[in-house]
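These notes concern the structure reproduced below.
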Amino acid sequence: MEKTPDSLQTIVFDFDGTLADSAQCGVIATTEAFKSHGLPVPKDKDITDLMGIPIETSFKTLGADILNDQQFNELLSSFREIYKSNSESSIVLFPGIYEMLDTIKKDQKNVAIVSSKKTEVLKKNCKQLKIDHFIDVFIGSDLVQLHKPAPEGLHLALKLINNSDLAKAIYIGDATVDIMMGTSAGVKTCAVLWGAHSEEELLNSNPTYIAPDVFTLENILKLTN
């Protein structure tokens, strides 16, 4: 692992499993949607393992590839409706995240989120959690052609923030696709251990840093003395 960075200016986060615990909401929505469309229900772990990937891709991996195009689009619509109805009660910030974001903004850093959610859903979730005012740029799956682990979303975020110095940027996520995206984009990466993937899985993706807890992440970002 490298030493902590000296002058980070842009901090980019994944959302699900990194800033917010949305696993329960994702499992509920996927399970109910698959049931309602007569599909075998995936195991909870299989659902959470793929949460970093847009549902247009992950659902086919989970068994929805047997549906025709119309049926598949109806499945996606069902998922989104169920997810929306459960989001307020089932999505919460991980402990310490709000305070960390507050400190980052007080340090006058640029903050962005690159997520596999649709952009409007991402913004609504952040508003619900009262963190939207900390975020300068929101990038959802609908704003890019190539999704994680491709670097397009991260490159777009950096462009909108007007940061061309990759050495001063970091991407933080809980899944191997997050680390792969950050590496492909040419920025530093930090894998957090409170989300979807295990430490072993994340280490195999060669992150620049590992954060087992928010306090460690704050140290990596030089938010604590």
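Along the sequence shown, residues carry numbers from 1.
Taking the salt bridge (Lys or Arg N to Asp or Glu O under 4.0 Å) definition, one finds that Lys84 meets it with nothing, sequence neighbours left out. Scanning for salt bridge (Lys or Arg N to Asp or Glu O under 4.0 Å) contacts around Glu56 gives Arg80, Lys118, with sequence neighbours left out.
Connectivity analysis of hydrophobic side chains (ILVMFWY, heavy atoms under 4.5 Å, direct or indirect) links Leu143 to Val12, Val114, Val137, Ile139, Val144, Leu154, Leu156, Leu158, Leu160, Ile161, Leu166, Tyr171, Met181, Val187.
Between Ile210 and Ile220 there is no side-chain heavy-atom pair separated by less than 4.5 Å. Leu217 is listed as a side-chain neighbour of Met100, based on a closest heavy-atom distance under 4.5 Å. You'll find the side chain of Lys109 stays beyond 4.5 Å of the side chain of Thr10, heavy atoms only. Side-chain contact between Cys190 and Ile170 is present, with heavy atoms from C-beta onward closer than 4.5 Å. Side-chain atoms of Leu75 and Gln71, non-hydrogen and from C-beta on, never get closer than 4.5 Å to each other. A 4.5 Å side-chain heavy-atom check between Ile131 and Ile97 finds every atom pair outside the cut-off.
More than 12 non-hydrogen atoms from other residues, nucleotides or ligands lie less than 6.0 angstrom from NZ of Lys105. Within 6.0 Å of the CG atom in Asp69, the count of heavy atoms belonging to other residues, nucleotides or ligands does not exceed 12. More than 12 heavy atoms of other residues, nucleotides or ligands sit less than 6.0 Å from atom CG of Asn68.
Among residues at least two apart or in separate chains, ring pair (Phe, Tyr, Trp, His ring centres under 6.0 Å) pairs with a member in residues 29-71 are Phe34-Phe59, Phe59-Phe79. Residue pairs meeting the ring pair (Phe, Tyr, Trp, His ring centres under 6.0 Å) criterion with at least one partner in residues 103-143, sequence neighbours excluded, are Tyr98-Phe134. Within the structure, side chain to side chain donor-acceptor pair (under 3.5 Å) contacts touching residues 189-206 (residues at least two apart or in different chains) are Thr189-Thr208, Ser198-Glu201.
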Set out, in order, the CA-CA distance, both residues' side-chain angles and the distance that settles salt bridge (Lys or Arg N to Asp or Glu O under 4.0 Å) for Lys148 and Asp14, then state yes or no. CA-CA 11 Å; Lys148 299 178 185 181; Asp14 169 53; 2.9 Å; yes

Candidate pair Gln128 and Ile91, rule side chain to side chain contact (heavy atoms under 4.5 Å, CB included), full reasoning: CA-CA 9 Å; Gln128 168 200 321; Ile91 299 179; 4.2 Å; yes

Going through the distances and angles, do Ser116 and Asp16 end up as a side chain to side chain contact (heavy atoms under 4.5 Å, CB included)? CA-CA 9 Å; Ser116 293; Asp16 297 295; over 6 Å; no

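For the residue pair Asn125 / Lys117, a side-chain donor-acceptor distance below 3.5 Å is found, with atom types taken as modelled. Donor-acceptor pairing under 3.5 Å is recorded for the side chains of Thr216 and Asp213.
The structure places CG of Asp46 at 11.0 Å from OG1 of Thr30, a figure rounded to the nearest 0.5 Å. Between the CG atom of Leu8 and the CG atom of Asn110 there is a distance of 11.0 Å, given to the nearest 0.5 Å. Distance CZ/Phe94 to CG/Asp174: 7.0 Å, rounded to 0.5 Å. Residue Leu39 holds its CG atom at 12.5 Å from NZ of Lys35, rounded to the nearest 0.5 Å. Rounded to the nearest 0.5 angstrom, Asn219 CG and Tyr209 OH are separated by 12.5 Å. Atom CD1 of residue Ile28 and atom CD1 of residue Ile82 lie 10.0 Å apart, to the nearest 0.5 angstrom.
In the hydrophobic clustering of this structure, Leu221 groups with Ile135; members are Ile, Leu, Val, Met, Phe, Trp, Tyr whose side-chain heavy atoms approach within less than 4.5 Å, directly or through other members. A continuous path of Ile, Leu, Val, Met, Phe, Trp and Tyr side chains, each step under 4.5 Å between heavy atoms, connects Val111 with Leu93, placing both in one hydrophobic cluster. Using a 4.5 Å cut-off between side-chain heavy atoms of Ile, Leu, Val, Met, Phe, Trp and Tyr, with links allowed through other members, Ile55 and Ile66 fall into the same hydrophobic cluster.
The main-chain N or O of Ile53 is never found under 3.5 Å from a side-chain atom of Thr57 such that the two would form a donor-acceptor pair. Ser36 places a side-chain N or O within 3.5 Å of a backbone atom of Ala33 that can act as its donor or acceptor partner. The main-chain N or O of Lys168 is never found under 3.5 Å from a side-chain atom of Gln9 such that the two would form a donor-acceptor pair.
Considering every non-hydrogen atom in both Val192 and Gly17, the closest pair reads CG2-O, 4.2 Å. Annotation for Pro54 and His147: closest pair CG-CG, 3.6 Å, computed over non-hydrogen atoms. Heavy-atom minimum distance, Met51 versus Gly26: CE-CA, 3.5 Å. Contact detail for Cys126 and Ile113: the closest heavy-atom pair is SG-CD1, 3.6 Å.
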